[in-house]
Amino acid sequence: MSPRNTAVEARRTKARIIERSVALASVDGLEGLTIGRLATDLGLSKAGVLGHFGTKEALQLATLERASAVFTALVWAPAADAEPGLSRLRAVCESWISYLEHARETFPGGCLFTTAAVEFDAHDGPVRRNLARLLLLWRRRLAGEVRLAVDAGELPADTDPEQIVHELTGIYLALNQALQLLRDPLAATRTRRALHRVLAA
């Protein structure tokens with residue numbers, strides 16, 4: 001096998017490991033990721049899995065980054081072409097609901113970020129810092145859309161973007177819990193009602 005083919009195969013294997021890690025972490029948490037489980041699931045040796053990352057922490061960080069990319073593709077990308085401001089914010093909120101309801105192949109255990117936040121909120125270290133960074137980036141993106149809506153007169157001039165984002169975050173944490181733990185068939189409906197109140201023009 002040529003060096004180029006070997007490098008391509010290595011990239012594919014690493015991508016497979018990360019994809020499986022995302023699915024497992026959504027169910028068992030980032031701390032629940034084990035080299036042995038990944039090796040068994042993917043038909044690889046433990047050394048073959050570990051060799052791509054070096055440490056469990058590096059695997060956790062790669063898993064977070066991949067989960068963030070998938071989240072962006074499923075939640076932000078479908079709304080990206082909407083009119084900036086309230087229209088795009090509402091479109092993002094709708095795709096956010098869809099992500100939590102239907103992205104089961106990628107995230108069988110629901111929102112990986114919710115699971116990881118519970119795991120790492122009382123810890124320190126690179127995983128917690130990277131998780132907080134990703135969540136803050138998402139909050140800033142949402143706050144930016146709220147500010148655009150205020151500037152366009154779509155929301156009251158005294159609207160506090162950070163407060164709106166705080167409330168949106170709470171709504172989606174509640175939605176994930178209602179879907180995952182309570183199996184509430186009205187979870188999405190209740191979420192849309194809450195969004196209507198929070199984002200009322």
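We're numbering straight along the sequence, starting at 1.
A donor-acceptor pair under 3.5 Å is formed between the side chain of Thr159 and the backbone N or O of Pro156. Lys56 contributes a side-chain N or O that, together with a main-chain N or O of Glu31, makes up a donor-acceptor pair within less than 3.5 Å. At least one donor-acceptor pair under 3.5 Å links the side chain of Thr40 to the backbone N or O of Gly36. Between the side chain of Glu145 and the main chain of Leu89, no donor-acceptor pair closer than 3.5 Å is present. The closest donor-acceptor contact from the side chain of Arg90 to the backbone of Leu199 lies under 3.5 Å.
Leu134 and Ser68 make their closest contact through CD2-OG, 3.6 Å (heavy atoms, listed as atom of the first residue, atom of the second, distance). Residues Ala25 and Thr63 approach most closely at CB-CG2, 4.2 Å, considering heavy atoms. Closest non-hydrogen pair, Ser21 versus Leu33, comes out as O-CD2, 3.5 Å. The two atoms that bring Ala23 and Ser26 nearest to each other are O-OG, 2.8 Å, heavy atoms only. Taking each heavy atom of Leu61 and Pro126 in turn, the nearest pair found is CD2-O, 3.7 Å. The shortest heavy-atom contact between Leu38 and Ile17 is CD2-O, 4.1 Å.
The aromatic ring centroids of Phe107 and Phe71 lie 6.0 Å or more from each other.
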*CA sep, side-chain torsions, deciding dist, call: Glu162, Arg147, salt bridge (charged side-chain N to carboxylate O under 4.0 Å, His left out)*: CA-CA 10 Å; Glu162 300 301 332; Arg147 290 187 186 95; 3.1 Å; yes

*asked:* Apply side-chain contact (heavy atoms from CB on, under 4.5 Å) to residues Leu74 and Ser98 and explain how you reach the verdict.
replied: CA-CA 8 Å; Leu74 294 176; Ser98 180; over 6 Å; no

*Applying salt bridge (charged side-chain N to carboxylate O under 4.0 Å, His left out), run through Arg133 and Glu65 and close with a yes or a no.*
CA-CA 11 Å; Arg133 178 185 65 82; Glu65 290 297 334; 2.7 Å; yes

*Hey, mind stepping through Cys111 and Tyr99 against side-chain contact (heavy atoms from CB on, under 4.5 Å) and telling me if it holds?*
CA-CA 9 Å; Cys111 182; Tyr99 150 77; 3.4 Å; yes

*For side-chain contact (heavy atoms from CB on, under 4.5 Å), just list the numbers for Phe53 and Lys14, CA-CA rounded to whole Å, side-chain angles, deciding distance to a tenth of an Å, and then say yes or no.*
CA-CA 9 Å; Phe53 302 96; Lys14 186 173 184 177; 3.7 Å; yes

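Of the listed residues (Leu30, Thr115, Leu64), just one forms a side-chain contact (heavy atoms from CB on, under 4.5 Å) with Phe120, and that residue is Leu30.
Under the 4.5 Å side-chain heavy-atom criterion for ILVMFWY residues, no single connected hydrophobic cluster contains both Leu148 and Leu86.
The residues Arg37 and Asp41 are annotated as salt-bridged, a charged nitrogen and a carboxylate oxygen being separated by less than 4.0 angstrom. A salt bridge does not link Arg16 to Glu9: none of the charged nitrogens lies less than 4.0 Å from a carboxylate oxygen. The residues Glu83 and Arg88 are annotated as not salt-bridged, no charged nitrogen and carboxylate oxygen being separated by less than 4.0 angstrom. Taking 4.0 Å as the cut-off between side-chain N and carboxylate O, Glu119 and Arg128 do not count as a salt-bridged pair.
Taken from CZ in Arg20 to CG in Leu44, the straight-line distance is 12.0 Å, to the nearest 0.5 Å. Between the CG atom of Asn176 and the CD atom of Glu101 there is a distance of 11.5 Å, given to the nearest 0.5 Å. Summarising the geometry, atom CG belonging to Leu175 is positioned 9.5 Å from atom CD1 belonging to Ile171; distances are rounded to the nearest 0.5 Å. With rounding to the nearest 0.5 Å, the separation of CG in Leu168 from CG in Leu195 is 6.5 Å. Note that CG of Leu179 is 9.0 Å distant from NE2 of His102, once rounded to the nearest 0.5 Å. Distance check: Leu50 CG to Leu59 CG gives 9.0 Å after rounding to the nearest 0.5 Å.
Gln177 and Asp184 form no side-chain donor-acceptor contact under 3.5 Å, judged by distance and modelled atom types alone.
Side-chain contact between Leu131 and Leu135: present, with at least one pair of heavy atoms (C-beta onward) separated by less than 4.5 Å.
Surrounding NE2 of His166 are at most 12 heavy atoms belonging to other residues, nucleotides or ligands under 6.0 Å away. The environment of CG in Asp121 is crowded: more than 12 heavy-atom neighbours from other residues, nucleotides or ligands sit within 6.0 Å.
Aromatic ring pairs are classed by plane angle as parallel below 30°, tilted from 30° to 60° and perpendicular above 60°; the pair Tyr172 and Trp96 is parallel.
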